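For reference, the structure is listed below as structure tokens.
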There are 2 protein chains.
Amino acid sequence: MFSQELTEREKTILRYVIHQFILTASPVGSRNISKKYEIGLSPATVRNIMADLEDLGFLNHPHTSAGRVPTDKGYRFYVDSLMEPHLLSPQEMSLIDRSILQEMIEREEVLKLTSMLLSNITNLLACVTYPKFDDALLQKIQLVELGGSKILIVLTVKSGVVKTITLEIHQPAETKQLKAIERTLNERLSGLKFSEIRESFKDRLQGTIDENMKPIIRVFLNSVDKIFSDIEGTEKTFITGARNIVRQPEFEDLSHFQSIIELIEDKDVIIHMMDQSAELTTEDVSILIGGEHKDEKLNEYSLVTKTYKLGGTAGKVGIVGPKRMEYSRVVASVVYIAEVLSKQLKNTY
Amino acid sequence: MFSQELTEREKTILRYVIHQFILTASPVGSRNISKKYEIGLSPATVRNIMADLEDLGFLNHPHTSAGRVPTDKGYRFYVDSLMEPHLLSPQEMSLIDRSILQEMIEREEVLKLTSMLLSNITNLLACVTYPKFDDALLQKIQLVELGGSKILIVLTVKSGVVKTITLEIHQPAETKQLKAIERTLNERLSGLKFSEIRESFKDRLQGTIDENMKPIIRVFLNSVDKIFSDIEGTEKTFITGARNIVRQPEFEDLSHFQSIIELIEDKDVIIHMMDQSAELTTEDVSILIGGEHKDEKLNEYSLVTKTYKLGGTAGKVGIVGPKRMEYSRVVASVVYIAEVLSKQLKNTY
DNA sequence: TGTTAGCACTCTTGTAAAATTAGTGCTAAA
DNA sequence: TTTAGCACTAATTTTACAAGAGTGCTAACA
């Protein structure tokens, strides 16, 4: 990478520029750096270095006679090599512990709480997604007669999560029949991933099926996508803290609102983006800066995410904020919260 | 009321002023009225009338030498007595019919779609709440063993809506025991309202209960609020169209954003407000203008809602927008959509 | 008595010029 | 290699002024 090409001094200046920009949100000039940070260099020298950094693509000029602004590449280098790890204060950690580690609250409550906590700590938009069923292993299926021609399908997953769907079969079913179907489904599907089931449901139910189960099986076939889909996650994903983000100075210009509004209106956008970030780093924290994520609408934002564990599956916690964010602090918060959340979920279930 | 005190001419002027203000969002002056609307009166006369209307509290002055702006009272009089009913165009009606009356979509899909449709038609913030369980009659309770010490409670309501809750009982239960409890619960609770059950659960389960059911019953007692609560509704309430509302000219000043953001962030605020509106008018459409609703944050907004029916229970559809909205059109849209929605839900379930 | 015309006055809005500010790039000197 | 100095730029803020819209009031009119 380019890190070899940068001298120590250039790195220092770059760090200061980014630091300063993060604080003030306005282009930072050479004199400013030379004064504020006790570096034995004159503005002119700093100017030269900044010009070099600009040539290398780490900084940018909105126009002549304005200070420098970090580019995406600049931020990237900053988070990769320059940033000093931030330690949460004991108060913050204790706040997180106390908020999340309390017993006796619903799982969904925990997630919502976590999201609210994260957005309060970072003053940014926080998001906690529900674990994806896709990677979950089906433990068993139960069918419950609801009366009329309705049945309730209860899916239990290894991690202990339960999902229910009501299904309309167009004829009243006999209890015996349903029991038989239930047995068959369990024999052939349990232990598989949801995604596998979706793909191969039809094949797996082929053959050796009692003739008079057929009509009901057909209903199942038609609804397989619905039953084994993942949309649940969308409903149970929590996005909080929009109030914080609109206070950021970058919102002086109205147009940016659109994208944020859309963000909280359909969670799908964020969820999709968080999925995308998963592909890059599974274990560690993932940082996506500006144009690095595919969605154009979010070119002006960065995304910091980390997975948390729930049984065998994993959800994500993360934040969305302007590219100019205190990465070190945000990363520390996200990481710590994800850990506490994992711990809490393990204890309770 | 004051309607007696207003002459025909005053009413006409008031109507025109409000009309004009709805269109332009900026204070309307006397000359403007005198010219635009073919009224045989000079600006000066109009001025006099407007001054009278101001004394009566229907209009307001931002400052000397600005045009007049309707007050809440002005709007109230307008929607009560002045407004001409608006007829939706056949195109609009057909659009609504086609969107909502399609078969084979999930109930929740229908609600979401309805909300989106309504916000598109009105260009305002639309909201569709899930029917309240509180007023629903419990049809039956089923208990399903999930394995381990977990059970799933399935509540079926008269309207066909089903609600499920997983419950952790701290000891493994025997099938026979559960069946017995299930029977008892059904005998004593079915046919009652959720709200009644919440209040009297303990009393109803008093006496003649088998000794070894006790521990499980106790878990039920502890969780009764959770089981028969209404929070489900919050999750299944859809709020859409925020992107529209931020385009309104009243958003030139940033501060107003806060309230809107909060509105879509916790749906509770809107849901609560819609509940509140229910107290006023159960059957017909309800209009709340500016300060008429208790939540200060929404003093600058109006709320138009109507109930729709689902089985024995009722949900709400409504819109939130700046006080300066085309009430007649909005009312027409809300009413029509609520009707179509009721029809659709009746057909499908 | 209700209506209108005229006029002075008040605010807001728009625009253009001027002053201010923060910052750069370049050259020459240390 | 670093620094100081200087000319130059682009954005921002200030200021001033003119135009427009609207009111309130008084006096005249039908």
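Predicted model only: the values in this text are computed from it and were never measured.
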Q.
Just to verify, which of A:Lys323, A:Arg76, A:Lys73 counts as forming a salt bridge (charged side-chain N to carboxylate O under 4.0 Å, His left out) with A:Glu292?
A. A:Arg76
Q | Rounded interatomic separation in angstrom, taking CD from A:Glu10 and P from D:dT2 | A | 11 Å
Q: Would you please name every residue forming a side chain to side chain donor-acceptor pair (under 3.5 Å) with A:Lys267, sequence neighbours left out?
A: none
Q.
In whole Å, I'd like the distance from the NE2 atom of A:His61 to the P atom of D:dT9.
A. 14 Å
(Q) Suppose we screen for ring pair (Phe, Tyr, Trp, His ring centres under 6.0 Å). Which residues come up paired with A:Tyr16, at least two apart in sequence or across chains? (A) A:Tyr37
Q: With a 4.0 angstrom cut-off to heavy atoms of chain B, pull out the first and last contacting nucleotide of DNA chain C, in 5'-to-3' order.
A: C:dT3 to C:dT12
Q: In whole angstrom, give the distance that lies between atom CG of A:Asn48 and atom P of D:dT2.
A: 9 Å
Q | Atom pair distance, as rounded to whole Å: CZ in A:Arg47 and C1' in D:dT9 | A | 14 Å
(Q) Taking side-chain hydrogen bond (donor to acceptor under 3.5 Å, both in side chains) as the cut-off, I'd like each qualifying pair that reaches into residues 27-36 of chain A, sequence neighbours left out, listed once. (A) A:Ser30-A:Arg47, A:Asn32-A:Lys36
(Q) Heavy-atom nearest nucleotide on DNA chain C for A:Gly67 versus B:Thr64: which residue maps closer to 5'? (A) B:Thr64
Q | Any residue meeting ring pair (Phe, Tyr, Trp, His ring centres under 6.0 Å) with B:Tyr75, in chain and number order, not counting sequence neighbours | A | B:Tyr327
(Q) Checking B:Tyr78 now: which residues fulfil side chain to side chain donor-acceptor pair (under 3.5 Å) with it, not counting sequence neighbours? (A) none
Q: Using whole Å, report how far CG of B:Asn60 lies from C1' of D:dT23.
A: 14 Å
Q: Just jot down the side chain to side chain donor-acceptor pair (under 3.5 Å) partners of A:Glu300, sequence neighbours excluded, or say none.
A: none
Q. Which parts of residues 14-46 of chain A get close to DNA chain C, meaning a heavy atom less than 4.0 angstrom away?
A. A:Pro27, A:Gly29, A:Ser30
(Q) Checking B:His272 now: which residues fulfil side chain to side chain contact (heavy atoms under 4.5 Å, CB included) with it, not counting sequence neighbours? (A) B:Gln276
